[in-house]
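The structure appears right after this line, and notes come after that.
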Amino acid sequence: MAFIYSEPSHTFGEYLIIPGYSSSQCIPANVSLRTPVVKFRKGEESAINMNIPMVSAIMQSVSGEKMAIALAKEGGISFIYGSQTVEDEAAMVARVKSYKAGYVKSDSNLSPEMTLKDVLALKEKTGHSTMAVTEDGTPDSKLVGLVTGRDYRVSRMSPDTKVGTFMTHFDKLITAPAETSLKEANDIIWEHKLNSLPIVDKDGKLLYFVFRKDYESHKENSNELLDAQKRYVVGAGINTRDYAERVPALVEAGADVLCIDSSEGFSEWQQLTIEWIRAKYGDSVKVGAGNVVDKEGFRFLAECGADFVKVGIGGGSICITREQKGIGRGQATALIEVCAERDKYFEETGIYVPVCSDGGIVQDYHITLALAMGADFVMLGRYFSRFDESPTNKLMLNGSYVKEYWGEGSNRARNWQRYDMGGDKKLSFEEGVDSYVPYAGPLKSNVSNTLAKVRSTMCNCGSLSIPEFREKAKLTLVSSTSIIEGGFHDVILKESRSARAE
């Protein structure tokens, strides 16, 4: 007969945190949420660290380029969804990497013979109001002028007006030579009150732009997550079928970290994928794996060479894997077991493999519980899908705004390469649903509010960092009655309230 666990598995909602002694230094402003993303050896530093313990899920309805940029500004990482063509995913990654690089390659270019109509069409396509005018309209030819929103008035000009007649000509532009440092470029921008500074070579060919908004954005987003070239950090999802084509394209596009996207990661398919990456790239390409729900699954993926391991099967709000297949485990129990094995593996090998808790987050405090149970960071789907930056439509439904949200296991996701069944690409049954979630506004304000709660709870436990919190936190299981006691009860509410986070 099957092995049967003696204890039931538990979810986050069945636990509470017992507060501990906190000193006068334990205030939210002093709390660091910095956390490792990829494995490292004892005494060393992880090659990638986040400033907040949050990543967005590898889902069509969650992680597009806008989400990646917005989350990187807050200090986290988005994993661009892999259920699309190799070319499209690589292009998304490349656009994130080029969005803010200090020196930005121009992607909005005109020639003097083009018209105002072309200007407006290009602005609609790229969203950029600053456009380089070059001799032949390519980004690498000689710069002859610049067009910004101040150079034309749509209501008073014919759409056929030539760009050459209203652009700001080169001799009136302030430019800088190729050897100009980023600091020097920003000094020139501030001294001359510019919005952008073209960087040109000795022949007058356009090399890059440096934008004022990038400098201001950095000052406004002190936690933003940047690589060594001052570009936003971005992740990307891969699968266990076309990795030989997808991984090189994503690496070329600049992806900082990859993650195998699968509903069940304890498989030879993931081993073969990781082995191929290690054979081709060594340890230079970082790749996470999963999902698993027990110590054997973690140990398998760690020994395969995974840079981090994702925990969770069937706990997502749109996931019906447990309902359809009867597999999975309560997220809290799965996480506790895997993190204990992670610590044991670290003691044995000196290699620390970060753990990502994926699924089961319903309230903001569940993130805090996941960290206390040992997670280095959490992956969120529904939470992020509600924001302006998710790639789905905002609709009015029954008098309230909602956003569309569907699972990668649904037919809508065209889930052609996610489930590792050895060759059959057809989705014979669904493991996710197509749904709506309440619209919640911009990412920045919501994430700030969520993390304020996390920091506050950590202070209640006398902790100023995630590792310290993990050591000091004390958890207790709660009864069904005490769960009811924990919410509002025996009162009549004056108005409706929403306490849900994810």
For this session: List the steps, then state whether side chain to side chain contact (heavy atoms under 4.5 Å, CB included) holds for T165 with M157.
Result: CA-CA 11 Å; T165 65; M157 295 170 61; 5.8 Å; no
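The aromatic rings of F209 and F211 lie tilted to each other, with the angle between the two planes from 30° to 60°. The aromatic rings of H366 and F12 sit tilted, their planes meeting at an angle between 30° and 60°.
In the model, S63 has a side-chain atom that pairs as donor or acceptor with a side-chain atom of S56 under 3.5 Å. Judged purely by distance below 3.5 Å, without hydrogens or angles, the side chains of T457 and T368 never pair a donor atom with an acceptor atom. T138 and D136 form a side-chain donor-acceptor contact under 3.5 Å, judged by distance and modelled atom types alone. Between the side chains of D160 and T115, no donor N or O sits under 3.5 Å from an acceptor N or O. In this model, no donor atom of one side chain and acceptor atom of the other lie less than 3.5 Å apart for S141 and E135.
Contact annotation: the side chain of T392 never approaches that of Y405 to less than 4.5 Å [non-hydrogen atoms, C-beta and beyond]. Within the 4.5 Å cutoff, side-chain heavy atoms of I367 are placed close to those of T450.
Between A253 and A90, the shortest heavy-atom distance links the atoms CB-O, 3.3 Å.
A ring pair (Phe, Tyr, Trp, His ring centres under 6.0 Å) check over residues 135-181, counting only residues at least two apart or in different chains, returns nothing.
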